[in-house]
Engineer: 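Have a look at the structure that comes next, please.
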Amino acid sequence: LHDALPISEGVRRHAVLAFASDQHAETPGFEAWLKDQLAVYGDELTHLSYGGDICDKNWDQPTFDGFKAVLDTLMPGKYSVTTGNQEHKSGAPAWDTLGPGFTRLGEVLVTGDYIIYNFGAAQEAMIFPDADINALSAYLDGAPSNIPIFVVSHFPLHLSVPYESHGIPGGARETQGNGRLIEVLNRHPNVVFMWGHNHTFQDPRYGTIRPAGSKFTYTQADVTQKAEIGFTYANMGSFCRGDTYGAIAEIERADDTVTVKLYYVDTNVPMETKESAVITFAADGSVNADVTLSDTTNYVDMFYLAGWYDDPTFAEDY
């Protein structure tokens with residue numbers, strides 16, 4: 001098993017958070033990963049956030065029951081699950097009636113060092129509804145500006161490269177309302193926006209952390225437009241189709257500064273070909289993100305893996 005990252009002298013680690021998404025009925029891989037994180041961190045693993053898509057293609061109650069049993073056994077009272085598009089298939093339960101661990105939209109955990117806010121899918125289609133954006137905007141306007149606020153979303157903000165196997169009309173995935181949501185989030189540099197849904201190397205942002213100042217294509221209406229973000233934008237990984245990795249966030253505080261060490265773990269080892277980041281949140285509201293790569297895979301290389309190396313539509317300022 002991997003070792004927990006060392007704690008600097010004079011710094012106290014307050015919590016370790018785990019982020020996971022998109023198991024698509026492959027619960028054993030997710031369960032094994034979560035057990036590995038508990039073996040490393042024990043009681044320091046304060047909370048697990050899950051970004052949706054528990055079942056695959058259709059709602060399946062036994063799959064959900066097995067998934068919930070894993071959480072209730074391994075992380076009792078220390079998890080929150082939001083909705084993906086699969087949670088809106090026929091037969092799915094009314095989410096917010098399932099208990100305190102199941103929240104589609106809203107605050108799920110508040111501490112003096114960090115906040116977690118669920119921003120799950122409102123329906124099967126890729127849409128950020130105005131009502132959800134308004135609720136998040138009002139919440140962030142009244143929330144602290146000097147600690148990280150993890151906004152856990154199923155859908156991403158960027159325009160993704162095509163899923164060839166999905167036959168998506170127009171050739172790409174775009175979440176409607178993303179432009180307005182980006183405008184809201186840009187007023188809050190302490191947001192760490194966690195996303196899922198696109199669990200494939202056909203999306204080169206899969207398994208990446210984008211700091212403030214990054215730009216990406218966000219609308220099919222004009223692919224020359226690039227949205228510049230003023231917050232941190234990170235994928236959660238997935239647990240399906242051969243992948244078994246999620247994100248770990250180690251929260252530390254030194255005096256009035258909170259530091260988040262964010263990185264990816266594949267089953268039981270940190271991923272050398274994925275990004276990691278050290279993000280500091282100062283008392284004055286300023287945020288600094290230092291994103292690094294442990295190996296040779298970078299954004300350009302991932303475009304080659306995706307097969308879109310010669311398509312300027314999705315070129316991003318790196």
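Just the heavy atoms: all of them, side chains too, but no hydrogens, waters or symmetry mates, feed the values below. Predicted model, so just to flag it, every value in this text is computed and none were measured.
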Engineer: Start with the C-alpha distance between I182 and F193, add both sets of side-chain angles, then the distance that settles side-chain contact (heavy atoms from CB on, under 4.5 Å), and finish with yes or no.
Structural biologist: CA-CA 10 Å; I182 291 168; F193 190 91; over 6 Å; no

Engineer: Applying a strict under-4.5 Å side-chain criterion to I, L, V, M, F, W and Y, I'd like to know whether V291 and V258 cluster together.
Structural biologist: yes

Engineer: Can T46 and K78 be counted as having a side-chain donor-acceptor contact under 3.5 angstrom?
Structural biologist: no

Engineer: Quick one, T259 and V278 - any side-chain contact, counting heavy atoms below 4.5 Å?
Structural biologist: yes

Engineer: How many angstroms lie between CG in L159 and CZ in R205, if you round to the nearest 0.5 Å?
Structural biologist: 8.0 Å

Engineer: Please report the C-alpha distance between Y41 and E250 in whole Å, then the side-chain angles of each, then the deciding distance to 0.1 Å, and finally whether the side-chain hydrogen bond (donor to acceptor under 3.5 Å, both in side chains) criterion is met.
Structural biologist: CA-CA 10 Å; Y41 292 109; E250 298 186 3; 2.5 Å; yes

Engineer: Does V81 form a side-chain contact (heavy atoms from CB on, under 4.5 Å) with L98? I'd like the steps, not just the answer.
Structural biologist: CA-CA 10 Å; V81 182; L98 294 176; over 6 Å; no

Engineer: Going by distance alone, is a donor N or O of one side chain under 3.5 Å from an acceptor N or O of the other, for W59 and Q61?
Structural biologist: yes

Engineer: Would N288 and I279 satisfy side-chain contact (heavy atoms from CB on, under 4.5 Å), going step by step from the backbone distance to the final call?
Structural biologist: CA-CA 6 Å; N288 180 71; I279 314 165; over 6 Å; no

Engineer: Pairing donors with acceptors under 3.5 angstrom, does anything connect the side chains of D243 and H199?
Structural biologist: no

Engineer: Looking only at heavy atoms, what is the nearest atom pair of G51 and V152, with distance?
Structural biologist: CA-CG1, 4.2 Å

Engineer: Under 3.5 Å, is there a donor-acceptor pair between the side chain of T73 and the main chain of A69?
Structural biologist: yes

Engineer: How many angstroms lie between CG in D22 and CG in D56, if you round to the nearest 0.5 Å?
Structural biologist: 10.0 Å

Engineer: If you define the side chain from C-beta out and look only at heavy atoms, does anything of V260 sit under 4.5 Å from F281?
Structural biologist: yes

Engineer: Can you name the closest pair of heavy atoms from L17 and L45 and give their distance?
Structural biologist: C-CD1, 4.2 Å

Engineer: Short question: side chain of N235, backbone of G207 - any donor-acceptor pair under 3.5 Å?
Structural biologist: yes

Engineer: Are a donor atom and an acceptor atom from the side chains of S145 and H188 found within less than 3.5 Å of each other?
Structural biologist: no

Engineer: With no hydrogens and no angle check, do the side chains of E275 and Y263 hold a donor and an acceptor under 3.5 Å apart?
Structural biologist: no

Engineer: Could you go through Y218 and Q225, starting from their C-alpha distance and side-chain angles, then the distance that decides it, and tell me whether this counts as side-chain hydrogen bond (donor to acceptor under 3.5 Å, both in side chains)?
Structural biologist: CA-CA 7 Å; Y218 70 99; Q225 291 191 46; 2.7 Å; yes

Engineer: Using modelled atom types only, decide if a donor and an acceptor are shared between the side chain of D256 and the backbone of A282 within a distance under 3.5 Å.
Structural biologist: no

Engineer: Under a 4.5 Å cut-off applied to non-hydrogen side-chain atoms, are N85 and M126 in contact?
Structural biologist: no

Engineer: Name the atoms and distances for all side-chain donor-acceptor pairs under 3.5 Å in residues 102-113, with sequence neighbours left out.
Structural biologist:
unit_1	atom_1	unit_2	atom_2	d
R104	NH1	G120	O	3.1
R104	NH1	D132	OD2	2.8
R104	NH2	D132	OD1	3.0
R104	NH2	D132	OD2	3.3
E107	OE1	Y139	OH	2.7
T111	OG1	D113	N	3.0
T111	OG1	Y114	N	3.0
T111	OG1	Y114	O	3.1
D113	OD1	R253	NE	2.5
D113	OD1	R253	NH2	3.0
D113	OD2	H14	ND1	2.1

Engineer: Any chance you could measure S80, atom OG, to M75, atom CE, to the nearest 0.5 Å?
Structural biologist: 9.5 Å

Engineer: How many angstroms lie between CG in D130 and CD1 in I133, if you round to the nearest 0.5 Å?
Structural biologist: 5.5 Å

Engineer: List the atom of I115, the atom of P144, and the distance in Å for their closest heavy-atom pair.
Structural biologist: CD1-CD, 3.8 Å

Engineer: With distance as the sole criterion, is a donor-acceptor pair present between the side chains of Y206 and S238 under 3.5 Å?
Structural biologist: yes

Engineer: Side-chain contact, heavy-atom cut-off 4.5 Å: V192 with V151?
Structural biologist: no

Engineer: For D284, is there any backbone N or O sitting under 3.5 Å from a side-chain donor or acceptor partner on N146?
Structural biologist: no

Engineer: Looking at every non-hydrogen atom in both residues, tell me the closest pair between G230 and A212 and how far apart they are.
Structural biologist: C-CB, 3.6 Å

Engineer: Output yes when a side-chain donor or acceptor of E87 lies under 3.5 Å from a complementary backbone atom of I54, and no otherwise.
Structural biologist: yes

Engineer: For S21 and H154, which heavy atoms make the closest approach, and how far apart are they?
Structural biologist: OG-ND1, 4.1 Å

Engineer: Just verifying a value: how many Å separate E44 CD and Q37 CD, rounded to the nearest 0.5 Å?
Structural biologist: 13.0 Å

Engineer: Look up atom CD in E31 and atom CD in Q23, then write down how far apart they are to the nearest 0.5 Å.
Structural biologist: 10.0 Å

Engineer: Flag the pair V16 / I248 as yes when at least one side-chain heavy-atom distance between them is below 4.5 Å, and no otherwise.
Structural biologist: yes

Engineer: Group every Ile, Leu, Val, Met, Phe, Trp and Tyr by side-chain heavy-atom contacts under 4.5 Å, then state whether L48 and V40 land in the same group.
Structural biologist: yes

Engineer: Tell me the side chain to side chain donor-acceptor pair (under 3.5 Å) pairs involving residues 116-126, sequence neighbours left out?
Structural biologist: none

Engineer: Who are the ring pair (Phe, Tyr, Trp, His ring centres under 6.0 Å) partners of F150, not counting sequence neighbours?
Structural biologist: F19

Engineer: Decide yes or no for F155 and L181: does some side-chain heavy atom of the first lie under 4.5 Å from some side-chain heavy atom of the second?
Structural biologist: no

Engineer: Less than 4.5 Å apart, side chain to side chain, heavy atoms only: is that true for H88 and T83?
Structural biologist: yes

Engineer: Please tell me whether F216 and Y233 form a close aromatic pair, meaning their ring centres lie under 6.0 Å apart.
Structural biologist: yes

Engineer: Are the side chain of E228 and the backbone N or O of K215 linked by a donor-acceptor pair below 3.5 Å?
Structural biologist: no

Engineer: State whether a side-chain donor-acceptor pair under 3.5 Å links N134 with R180.
Structural biologist: yes

Engineer: Has D53 got a side-chain atom pairing as donor or acceptor with H24's backbone, closer than 3.5 angstrom?
Structural biologist: no

Engineer: Compute whether any side-chain donor of one residue and acceptor of the other, for H197 and R173, lie under 3.5 angstrom apart.
Structural biologist: yes

Engineer: Taking the side chain from T175 and the backbone from P156, do they hold a donor-acceptor pair closer than 3.5 Å?
Structural biologist: yes

Engineer: Using the rule that Ile, Leu, Val, Met, Phe, Trp and Tyr join whenever any side-chain heavy atoms are under 4.5 Å apart, tell me whether F119 and I127 fall into a single cluster.
Structural biologist: no

Engineer: Between Y50 and L71, does the side-chain contact (heavy atoms from CB on, under 4.5 Å) criterion hold? Intermediate values first, please.
Structural biologist: CA-CA 10 Å; Y50 189 86; L71 294 179; 5.6 Å; no

Engineer: Could you check whether any side-chain N or O of W33 sits under 3.5 Å from a backbone N or O of V265, counting only pairs where one atom can act as donor and the other as acceptor?
Structural biologist: yes

Engineer: Considering all heavy atoms of both residues, which atom of Q86 and which atom of C55 are nearest to each other, and what is their separation?
Structural biologist: CG-O, 3.4 Å

Engineer: Under a 3.5 Å distance rule, please check whether T244 uses its side chain to pair with a backbone N or O of F239 as donor and acceptor.
Structural biologist: no

Engineer: State, with a plain yes or no, whether a side-chain heavy atom of T232 is found less than 4.5 Å away from one of V191.
Structural biologist: no

